Structure formats: C-alpha cells, structure tokens
Number of protein chains: 2
Amino acid sequence: MRGAQGDLLRLVATGHAESRAELARLSGLAASSVSLRVEELIGTGLLVEEGSGTSRGGRRPRRLRVSPTAGLLAVADLGAHHARLGLLDLSGTPLVVEERPCDIALGPEETLDWMAASFDELLLAHGPPGVPLRGVGTGIPGPVDPASGRVVSPSRMPGWNNFPVAEHLGARYDLPVLVENDANLMAVGEARAWPGCDNLMVLKAGSGIGCGVIVDGRLHRGRGAAGDISHVRVRTDSSVVCSCGHSDCLEAYASGAALMSALTEQGIAVGRPADVVAAVNDGVPEATALVRSAGRLIGEVLTVLVNFLNPDAIVIGGSLSTAEPLISSIRAAVYERCLPLATRDLEIAVTRAGPDATLLGAGSLLLDAVLG
Amino acid sequence: MRGAQGDLLRLVATGHAESRAELARLSGLAASSVSLRVEELIGTGLLVEEGSGTSRGGRRPRRLRVSPTAGLLAVADLGAHHARLGLLDLSGTPLVVEERPCDIALGPEETLDWMAASFDELLLAHGPPGVPLRGVGTGIPGPVDPASGRVVSPSRMPGWNNFPVAEHLGARYDLPVLVENDANLMAVGEARAWPGCDNLMVLKAGSGIGCGVIVDGRLHRGRGAAGDISHVRVRTDSSVVCSCGHSDCLEAYASGAALMSALTEQGIAVGRPADVVAAVNDGVPEATALVRSAGRLIGEVLTVLVNFLNPDAIVIGGSLSTAEPLISSIRAAVYERCLPLATRDLEIAVTRAGPDATLLGAGSLLLDAVLG
DNA sequence: CCGTCTTCCTTCGAAATCGAAGATAAACCG
DNA sequence: CGGTTTATCTTCGATTTCGAAGGAAGACGG
C-alpha cells in the first residue's frame, strides 16, 4: 500500500475525506487521478462505497469508507493497575474495548505476554472471521524512545527500564508494531476530535501527570521526551522532595497519586484516582480543596506553556478530568495570568474523545505504519 | 515559479542542495526529471552551473548556484533605536548590510518611509544594474499577526498598534512582502546555521526578551503569538509590576531594559544593552552580579520549556548574548533542574548566524514567498 | 598505467498524472 | 415544476514523471 494509493486510503481512514471530491482537494491530486485510484482500491476490497453524503449545494458525494473486512488493529493502553484493550477496524473505529486489571510491576515479559493473550481472546470472541490483523500498538505509562521502541527511565515501572518493547512484540507479530507514551497517544486520539485545531496540549491527569503535544497537526516528540510537565518546580509554601530527586515538582503536589496520599493522611480512604473524584462529587470538603489547589498549580505551569506555544486548545483527560473543580481552577489560573493575545481564542475543555482516546490515538499512528 | 521548479530552486537557494544528484535525493523526484527541470531553470537564467563540487567517491557533481542576476531581496531588522538593513541575493547571501540609527517611536508611516528610502539608497549604491528587486521583508520588535501583517498590541512601539505594515509596504512595492516578529526571524535565520537540529529555541536577549521557536524545521507561530517568554512569572524575593499589568514578569528582572535601569539606579551609566555587556567585560561587579541573576531567572523559565519541548538546542542571540556570565548562568540553571532525558543531547550555545540572523531569516522566509 | 568501482548525469520508452470538457445528480428558486 | 446553479464524478488526449539502462568522469588500488 504505497504512494498515492496509501495516501488516499489514509485520508479516508483518518476521517479527513469521505468522497472522491474531498480526496482530490486534500491530496492535491487531480480529480481524475483520484477516481482512478479509488476504483482500484474498491477493486482490491480496501474501500467500499456506502450511500451518499450530505450535499454542499450541488450533487451529493458518494460516500467512501474503509472496508470493515480490510483488516484489524489490536491496541492497548497499559496503566499501572488496569489496561484498556481494543480491536479497531482500519478506519480506527473500535469494534470492542475492554478494561481489565493487570499489574505492570510484574515486569515487561509477563505483562506483554498477558497483553498478547488478551488480544488473542478478543480476536477469537469479536474478530470477524477472515479479517486479518494488520497491526499492534500499545501505550506505555512512561517515556518511550520512538526510534527503538524501548522504555527509557520510567519512574513507576519497575523492571521495564530500557526494555525493547517494540522488538519483543515484533518477534511475536510479523506486523507493524507501535509503542508510544500513553499521553502522546492520547493527544493523537484527541486531535482527531478537534478538527481545525492544529496546535493542542493534551493533559492526562491520572495517577501521574502526562502531557502530549500536537504541533501543526502532528505529534511533537522532540528528541523523544517532549511533553513532560510533571517535574516543573511550582511555587508553594511547603517543600516536598519528588521521586526525581528535585524538590517541589508539580507531580508531588498535583498528581492523582499525590492527592491520594494527602487524602489518606487526612483519614479519607482512597484507593485510586477515581475515588478522589468520587469524594469531590460527594462533597467531601478536604477533597475539593485539594483538587482545587492541584488545578491551580497545574494551571500556573500551563500558563508558561500557553504563552510559549500559543495553542488552539488545552484538552484535559485522564481519570481526574471528571472532577469539575480541577477544570475550573485550571481555567482560572490560565486565563488570569496568560497574555490576552494567547488566551483570546484559547479553549480549555475536557476530553472529547473520552476514555478511549489513547486507543484511538494508537490506531491513528498505526494506520500510518500500516498504510505507509 | 511554481511547483516542481520552485521546489528545486528553493532547495538550491536555501543551500540544501548543490548538485542535480542532491536535488534528486532531497526533492524525491527522479534524477531524470531533475535534470530536465534544472536545464529549464538554467535556460531562464535563474540557475547557473559553476565549476564542480567535491567528489563523494565517484564523479564530481556539477555545482549549481542561484544566479546572482536572478534578483535581490531587501530586508530590515527594526529595533527601538537602530535598524539593520541589507540586500540579499536569491540564495539569501548578503550583498551589503548596514546599521543605521532610527526611531520607531516616530510612528509607522514615518519609519516605514524611512526604511523604503534607505532601501532605495542601498539599491542605488550596491545593487548590480539590471537585477530586479524580488521581495521586501522586515522584522518588527513586537507581535505581528502573520495573516494580516499587522502589528498587534506591541508594548514598546507607540502608534503602531494594529497598523497594517504589510499592506502599507505592499502599496509601495508590487512584490511579495514579509512582516514578522524579529525573534521569529532570528530563529529562522539561526535554523539554517544548525543543520540536523529540527527543534530549536532561539532567545533574543536585548532590550526585551524575545524567543522564536523552530519545530520540525519550521517556524512555529501558534495563533500568531507563540514564543513569548517575557511575561512568565518568576520566583524572586522582591515584587515588581510589569508593563503588562502582572507582577514579577521575567522581563521586569532579566531584560536589557531592566538591567539598564537597575545599573543606572546604582549610579552606573548605561545607555543601551551593549553598555551592560561592556560593564560586565570591564569587570564591574554590580553588572556581573545583575547579569548572573538575570541568566539564572531566564534559565529557570527555560527549564519548563525544555522539559516540554525537548529541543535539540537553545540558541542565544541579541546584544546581551556576548555577556559570558549570562550564558553560563542560563546553562547552569537549565542543566541543574531539567530532566536528564531532556538535557542529554541538549546544546546551549550563542548564535552561530551572528548579528545578521534576523536579516537572514527574513531572506529565508521571503524566498518561500518569492519562489512559492 | 589500466581495470574496477562509485557517483553523477542523460537518454528514452513506459507509466502515472493532469486538466479541460462533458455527463450526472441534486439543491435552489421563482 | 422547469430552468439555473453548484458540486460530483468520468472520459480522454496531452503532459509530466518515472525508472532502467547506459554513458561520463573521476577515485581507488594494484
């Protein structure tokens, strides 16, 4: 699937184009060439024509879709104690998504074997017969070197340091394999839900604080470590030493883990970040106050980045994103302190892609590899 | 000059390619197509063949250059009290650069007329006869809306707010016109001097503190205001209100203007940022101490941005960049506090492009418009 | 000095792409 | 309802681009 055909298929798969005319506009190819290639793609069974779209004033376009029988992608979002696993078709649409408990502290081999076994189960139970698996991807809650597919100095993944995840998966699957930081995948997944927004900051507020950056419509990796905001020094009265060795990191005050231990110290039992949200929603004043101050600290850090990057939107996801006070205090801090020029058109909102954003992002990046 | 021919010419003009073979590698076109197009470009007088390059193990390439008679670009770097003006050929090489005193506080019309008159003088004195002017560009020490070419809420340019600079220049010159923030142009100019570095932060330390950002090899504008770091809140003991209305902005402590007024208060006479550098180099302890603490504050702000953007290099230019203590204290702060993953391959260095970086950047962006 | 290698560049038939013109289909509007 | 407008899609000859093969020019090594 190379060259022009791959480009066209990708445009349809990613939802950017739905008709031959749109393909012509977006690909830069002549309409006649597009028709030719599309016929071929329909001939090979990768594209299907499906009804007609909505008119833009003239003849209605004949809607194109990636064939549901063209292939499947198996994707995962590994978390500390839970993983989300799913099967997508080649348009990135989920067929099935499941959340299962797991424990990455068991180490990479065991965890990845478990993941593969889970994929097999999903394929057996939900994979339409005869539809081939075309790619495998997973999000990792730690830094990943994009070139080698290795985990690099993760803070909360014992036994994973420098483990060649992509290589390990590649040995089992003779398919394109994607390994990427979970916040980065989440950002890619969100980006598809924010058409017209080419510059996004996507915050993952869960046990840790992650951030993925979309610049010019594409994931920004820098040298592999871009998007870290959790070890920024924040201004506080107290002083706490973070796991990274420095003092007063954002993570030590505003991450789900930090909130949980603070609440526990105050005698309020919480076992996972969602419990913090529940406490806030139940009107537990200590929880609300803590979440508020976490939002303020996060917002103050974002202030610097908003002035610098001048994004179209800040999207907040992760398990803490359902805590309303978090969002509003982030908003307050950003709007108060940023330059008017930077916040004039800035939207600060919760995830549009929902809890599957990471899986959708994995699908999106995998498509590039599969259709490349 | 559209399509494939423009692409080829641009590759030669920007110095990326020097031979047909290199053009083929970089453009993705077949070698045969390149030859065809290059012959045409030579035929129209835009390219010339000039001797041969160095062998890479086989036959020596026939070196290609943009013809010196293909055209000229007139570029300017407007500052508060001085402007640099220059003529470039279409490969972006300066024919002549001059620095002249000016005063932007006289307002846009008068300043732009003065600029145009200066261009005319330069063309008369240094422009080879018969070589046409092909584009005009200028850097502005304030925010510029890239789409409209207007100045937007500048802090130190009385009378310029919302003035349509591009339109005004376009009325005088029937040519491509470029109007862009000076730090952004400087970043583009530096980028050409840092091959292999696709992600750069370029700091302009002069009267103000500007920053241009190169992401993936291209200037990042965001919604037009990207790159601002001067109004970030810094941690200090004292408290100062900035011109933007907030307190403790970086600019209020670490800009050349702030250093000048602090030195003046201590009875040391300085009239421009270069005087501060001179005082440092003369071993005036107050000056050195001030510059050190400015560097530390700047470095602390950069810390956040380095973790987030994970650039290949931070380049420091502007008139304060020759103060060695500034550079070293920025380095110290960044290396001390950033994540090891982010600083592992990070270079922090002074400008390679020198004082003409802004002019070179203007030339580079203008080329895109001229050859587009 | 002479053969071999590498790289650069051109030649020429094959293939892909373009673009103008026309056919098709639906919205819009008196 | 029928003409007008708008947009989508196809047809087909002209143009561009490709790519394999070969010639040109120098490096390298005996």
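Within every chain, numbering begins at 1; the chains are lettered A, B, ... in the order of the sequence lines, protein sequences first and strands thereafter. Please read these numbers as outputs of a predicted model, since none were measured by experiment.
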By a strict heavy-atom criterion of less than 4.0 Å, which residues belonging to residues 49-58 of chain B are in contact with DNA chain D?
-> S55(B), G57(B)
Nearest heavy-atom neighbours spanning L185(A) and G139(A) | CD1-CA, 3.4 Å
Within the side chain of N199(B), is there an N or O that forms a donor-acceptor pair under 3.5 Å with the backbone of G217(B)?
-> no
Compare side-chain N and O positions of R60(A) against OP1 and OP2 of dA27(C) and report whether any pair is under 4.0 Å apart.
-> yes
Quickly work out the R63(A) CZ to dA25(C) P distance and round it to whole Å.
-> 19 Å
Identified side chain to side chain contact (heavy atoms under 4.5 Å, CB included) partner of L23(B) from the options D7(B), L9(B), V38(B), L29(B) = V38(B)
Do R223(A) and D345(B) sit within salt-bridge range, that is, some charged N less than 4.0 Å from a carboxylate O?
-> yes
Should S19(B) be listed as having a side-chain N or O under 4.0 Å from OP1 or OP2 of dC8(C)?
-> no
Return the value, rounded to whole Å, for the distance between atom CZ of R20(A) and atom C1' of dT8(D).
-> 9 Å
So what does E22(A) touch, heavy atoms closer than 4.0 Å: a base, only the sugar-phosphate, or nothing?
-> nothing
Could you work out which one of dC18(C), dT17(D), dC8(C) sits closest to the side chain of S33(A)?
-> dC18(C)
Test: E39(A) and R20(A) ion pair at under 4.0 Å | yes
Under 4.0 Å between any heavy atoms, over every strand shown, what does R25(A) touch: base, sugar-phosphate, or nothing? Just pick one.
-> sugar-phosphate
Rounded to whole angstrom units, what separation is found between the CD atom of E18(B) and the P atom of dC8(C)?
-> 12 Å
Whole-Å distance separating the CZ atom of R59(B) from the C1' atom of dC28(D) | 18 Å
Please write out each protein N/O paired with an N/O of nucleotides 11-16 of chain D under 3.5 Å, distance rounded to 0.1 Å.
none

Indicate yes or no: does E180(A) engage R221(A) in a salt bridge with an N to O separation below 4.0 Å.
-> yes
Passing candidate, side chain to side chain contact (heavy atoms under 4.5 Å, CB included) with P94(A), options D89(A), V75(A), L73(A), L88(A) = L88(A)
Examine distances only and state if a side-chain atom of S19(A) and a backbone atom of E22(A) form a donor-acceptor pair shorter than 3.5 Å.
-> yes
Does R37(B) use its side chain to pair, donor to acceptor, with the backbone of G6(B) at less than 3.5 Å?
-> no
Establish, with yes or no, whether the OP1 or OP2 oxygen of dA25(C) is under 4.0 angstrom from a side-chain nitrogen or oxygen of R62(A).
-> no
Separation of atom CG in L29(B) from atom C1' in dT17(C), rounded to whole Å = 13 Å
